[in-house]
Peer 1: 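Got a structure for you, written out below as structure tokens; questions coming shortly.
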Amino acid sequence: MGHRQAHRGGDFCPGGGKVKSGGQENGGRQKKGGRQENSGGQMNGGEIRVAFAGNPNCGKTTLFNACTGASLKVANWPGVTVERAEGETEAAGRRLKLIDLPGIYSLNSYSMDEKLSRRCILEEEIDVIVNVADASLLERNLYLTMQLLELGRPVVLALNLMDVVQKRGMRIDLPRLSRMLGGIPVIPVSARKRTGLAELMEAVVRCGERKDAGTAVLRPKFRQKGGEGTDAGRYAYIEKIVGECVLGGEGRELLTEKIDGILTHRIWGIAAFLAIMACVFALTFTVGDFLKGYFEQALSWLTGQARGLLERTGTADWLVSLIVDGIIAGVGGVLAFLPNISILFLAMAFLEDSGYMARVAYVMDSIMAHAGLSGKAFLPMLLGFGCTVPAVMAARALESEEDRKRTILLIPFMSCSAKLPVYLLFAEMFFPDAALAAAYSLYLLGLGTALALARIWSRVFPAKEEHALLIELPDYRLPDAGTAAAYVWNKVKDYLDKAGTTIFMASVILWFVLHYGPAGTAADMSQSFGAAAGRLLAPLLAPAGLGTWRIALALISGLSAKEVVISSFSVLFGVENVSSAAGRSALAGALANAGFGPANACALLVFCLFYTPCVAALAAIHRETHSWRQTLGMAIFQLLFAWIAAAAVFQAGSRLF
Amino acid sequence: MRLSDGEIGRAYEVKRIGNIGRAARRLEALGMGGHAVIRVLHKKAGGDMIIRARGTRWAIGRRIAEGIFVREAGK
């Protein structure tokens with residue numbers, strides 16, 4: 001394989017899949033009716049279009065990554081991939097356009113992601129379908145193979161996880177399997193170990209070229225043998241195939257059953273989940289804080305060096321202030337939390353790759369039932385602990401459109417990683433002896449509130465149809481270090497991107513609005529445009545104990561990204577290296593002078609937990625719901641809810657502290 | 001009997017899928033239609049179950065478990 005590249009995403013268009021900028025989808029080659037023209041002549045100017053189709057969690061994206069060099073997210077639970085991705089590779093002198101699709105169990109699709117796959121397979125001009133199958137679960141995986149063969153399209157069967165098959169002492173008679181599937185190429189691969197990839201791509205090229213030369217499309221023989229078109233007929237033939245082609249391999253998964261005995265226990269299951277999440281956050285705080293110390297030292301050194309260099313070179317005072325007090329204090333203050341964020345995502349990567357995620361759906365199903373949702377809806381909410389944007393998209397895996405929209409509205413109540421720096425800073429400043437408990441209680445408060453609101457919602461607007469849980473539970477496995485590293489690196493990259501763009505811009509803009517006022521340059525921040533804007537809102541926030549212009553302005557800034565609340569506090573209170581002990585102490589002193597105590601801190605944390613999600617999250621909600629009314633309604637509701645909750649906390653807290 | 005009445009560790013043969021909406025079609029496609037053998041691995045008081053069918057482990061909700069009519073396998 002030669003040149004490789006890949007990308008996921010693009011705007012999702014419900015009418016026709018992914019839309020590329022600058023042209024119609026697929027260059028306008030899409031046709032309705034499910035079959036492409038087979039001219040027998042030139043095929044796409046030498047390019048072979050290959051769709052990766054298969055059951056959820058069979059390793060399609062891992063295989064796609066291995067073939068294209070991409071690093072798209074993979075994990076060990078069904079429903080990770082919810083959008084298509086395209087990539088390129090070369091084999092046998094031909095260029096291959098590879099399309100990774102969300103997993104489907106059958107062509108009778110239900111959820112939004114499954115419909116996307118079905119549409120691509122049936123309606124787009126695909127030259128070869130690579131049917132990726134989990135070789136260790138052949139009996140279930142072959143159902144889709146049957147349906148794909150019934151379409152009469154060129155299919156190559158990629159038997160993934162062959163290493164697992166061998167480990168279990170199973171053996172698959174590949175030539176016989178190929179014969180029983182009408183002679184289609186059957187290629188054993190291991191996407192994780194990157195074996196069999198070249199053979200697979202060569203088989204794809206051979207299959208594509210045969211069609212190119214006008215060769216008759218390979219047709220399955222089972223139609224005559226098993227009865228066409230009925231599930232009973234397909235499974236009868238699958239049983240025959242498995243009986244003749246799969247040998248050995250009993251007595252497996254004992255470890256999985258034992259672990260399930262504890263983690264899905266009818267009483268301890270929920271306690272185990274809460275304990276696991278507590279461990280995740282404890283690691284995030286303790287290990288993250290340990291590493292953060294080094295970041296703070298580096299930041300402190302950088303600040304000193306930058307100030308010294310700028311002053312030595314005679315840089316104008318305002319520019320020194322912009323760079324040091326605005327950019328370094330703002331962006332640096334947020335970057336200092338990178339170790340905490342990395343540990344959080346590392347822990348999430350381990351959870352997702354271990355096989356535990358799908359169990360959470362089972363464990364939480366009875367609680368989610370009170371909220372009118374199935375346990376599967378809990379998975380996007382759990383992903384919301386990382387970032388709202390992919391979590392909102394993950395709701396596509398839910399079968400019911402109604403459930404999907406309801407779940408999307410609950411996700412912003414979860415504490416995303418952007419809220420973590422706010423929790424850490426204020427919990428450590430005002431509750432140093434119980435910072436971990438204070439921060440964890442915010443995670444639980446968000447989760448509990450989301451479930452309570454969903455319950456109220458389901459009572460007021462009962463669901464038209466109850467959607468029961470149905471989710472595959474994969475075997476547990478040791479998380480793969482490479483997968484976890486790619487997962488964390490992607491998140492770190494996002495965080496750095498955000499620090500370099502949104503947080504940088506927010507810090508610069510904030511510096512300007514704080515240093516310029518109606519009279520030109522503001523000698524005192526209190527005479528600036530920023531102060532004027534903050535003063536407008538401050539009275540509204542006074543009942544919540546947040547009624548000073550600086551805090552009002554920091555909260556407004558937080559609408560761009562929640563981390564900006566931290567950078568804004570740095571800039572507004574002129575504190576360098578705000579996450580360090582000295583920085584926290586300086587900020588706590590400045591806040592105390594403004595009459596801001598523990599009760600105010602509690603109210604601020606609750607407000608940050610609940611108030612309107614960031615712009616990127618709102619854009620994702622709009623993209624997924626296609627409704628401005630729902631998106632803006634959600635934004636306004638969360639703002640009001642945050643205000644009421646923060647006011648209640650402050651009024652109660654000011655009597656306690 | 002319904003699968004929801006099944007006991008942990010026992011295997012059941014599916015007689016038919018009841019009226020459980022779209023989930024019925026999905027179960028058929030997943031190989032849990034007539035004559036399929038389902039083993040109950042785990043069960044919660046609320047009716048949710050973990051089962052194994054055609055080599056795959058599934059978590060199913062109470063409503064689905066109540067919608068699968070079975071008899072003990074081998075009878």
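Order of the sequence lines sets the chain letters (A, B, ...), proteins ahead of strands, with each chain counted from 1.
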Peer 1: Any chance you could measure B/Arg57, atom CZ, to A/Glu257, atom CD, to the nearest 0.5 Å?
Peer 2: 4.5 Å

Peer 1: Find the one option among B/Ala65, B/Gly61, B/Ala59 whose heavy-atom pairs under 4.5 Å with chain A are most numerous.
Peer 2: B/Ala59

Peer 1: Given 3.5 Å as the limit, does a donor-acceptor pair link the side chain of B/Arg22 with the main chain of A/Glu399, or not?
Peer 2: yes

Peer 1: Nearest 0.5 Å, please: how far is CG in A/Leu469 from CD1 in B/Ile64?
Peer 2: 7.0 Å

Peer 1: Any side-chain heavy atom of B/Leu30 sitting closer than 4.5 Å to one from A/Leu470?
Peer 2: yes

Peer 1: I'd like to check A/Arg266 versus B/Lys43 (side-chain heavy atoms, cut-off strictly below 4.5 Å). Are they in contact?
Peer 2: no

Peer 1: Using every non-hydrogen atom in the two residues, find where B/Ala29 and A/Asp231 come nearest and quote the distance to one decimal.
Peer 2: N-OD2, 3.9 Å

Peer 1: Checking side chain to side chain contact (heavy atoms under 4.5 Å, CB included) for the pair B/Ile50/A/Thr264: CA distance, chi angles, key distance, verdict?
Peer 2: CA-CA 9 Å; B/Ile50 297 179; A/Thr264 62; 3.9 Å; yes

Peer 1: List for me each residue that meets ring-ring contact (aromatic ring centres under 6.0 Å, His included) alongside A/Phe273, sequence neighbours excluded, and say none if there are none.
Peer 2: A/Phe378

Peer 1: Passes side chain to side chain contact (heavy atoms under 4.5 Å, CB included), B/Thr56 versus A/Leu473? Steps please.
Peer 2: CA-CA 8 Å; B/Thr56 304; A/Leu473 304 181; over 6 Å; no

Peer 1: Measuring from atom OG of A/Ser374 to atom CD1 of B/Ile60, what distance do you get when rounded to the nearest 0.5 angstrom?
Peer 2: 13.0 Å

Peer 1: Using non-hydrogen atoms only, which part of A/Pro474 is less than 4.5 Å away from chain B: side chain, backbone, both, or neither?
Peer 2: backbone

Peer 1: Which atoms form the tightest heavy-atom contact between A/Tyr235 and B/Glu28, and what is the distance?
Peer 2: CE1-O, 3.6 Å

Peer 1: Can you see which heavy atom on A/His265 is nearest to which on B/His42, and at what distance?
Peer 2: CA-NE2, 4.0 Å

Peer 1: Side chain, backbone, both or neither: which part of B/Leu27 has an atom under 4.5 Å from a heavy atom of chain A?
Peer 2: side chain

Peer 1: Taking every non-hydrogen pair under 4.5 Å, which of B/Arg25, B/Lys44, B/Arg54 racks up the most with chain A?
Peer 2: B/Arg54

Peer 1: Would you please go through residues 354-363 of chain A and name the residues with a non-hydrogen atom below 4.5 Å from one of chain B, in numerical order?
Peer 2: A/Arg359, A/Tyr362, A/Val363

Peer 1: Please find the pair of heavy atoms, one from A/Leu137 and one from B/Gly55, that lie closest to each other, and give the distance.
Peer 2: CD2-O, 3.0 Å

Peer 1: Using a strict threshold of under 4.0 Å (side-chain N to carboxylate O), is an ion pair present between B/Arg62 and A/Asp365?
Peer 2: no

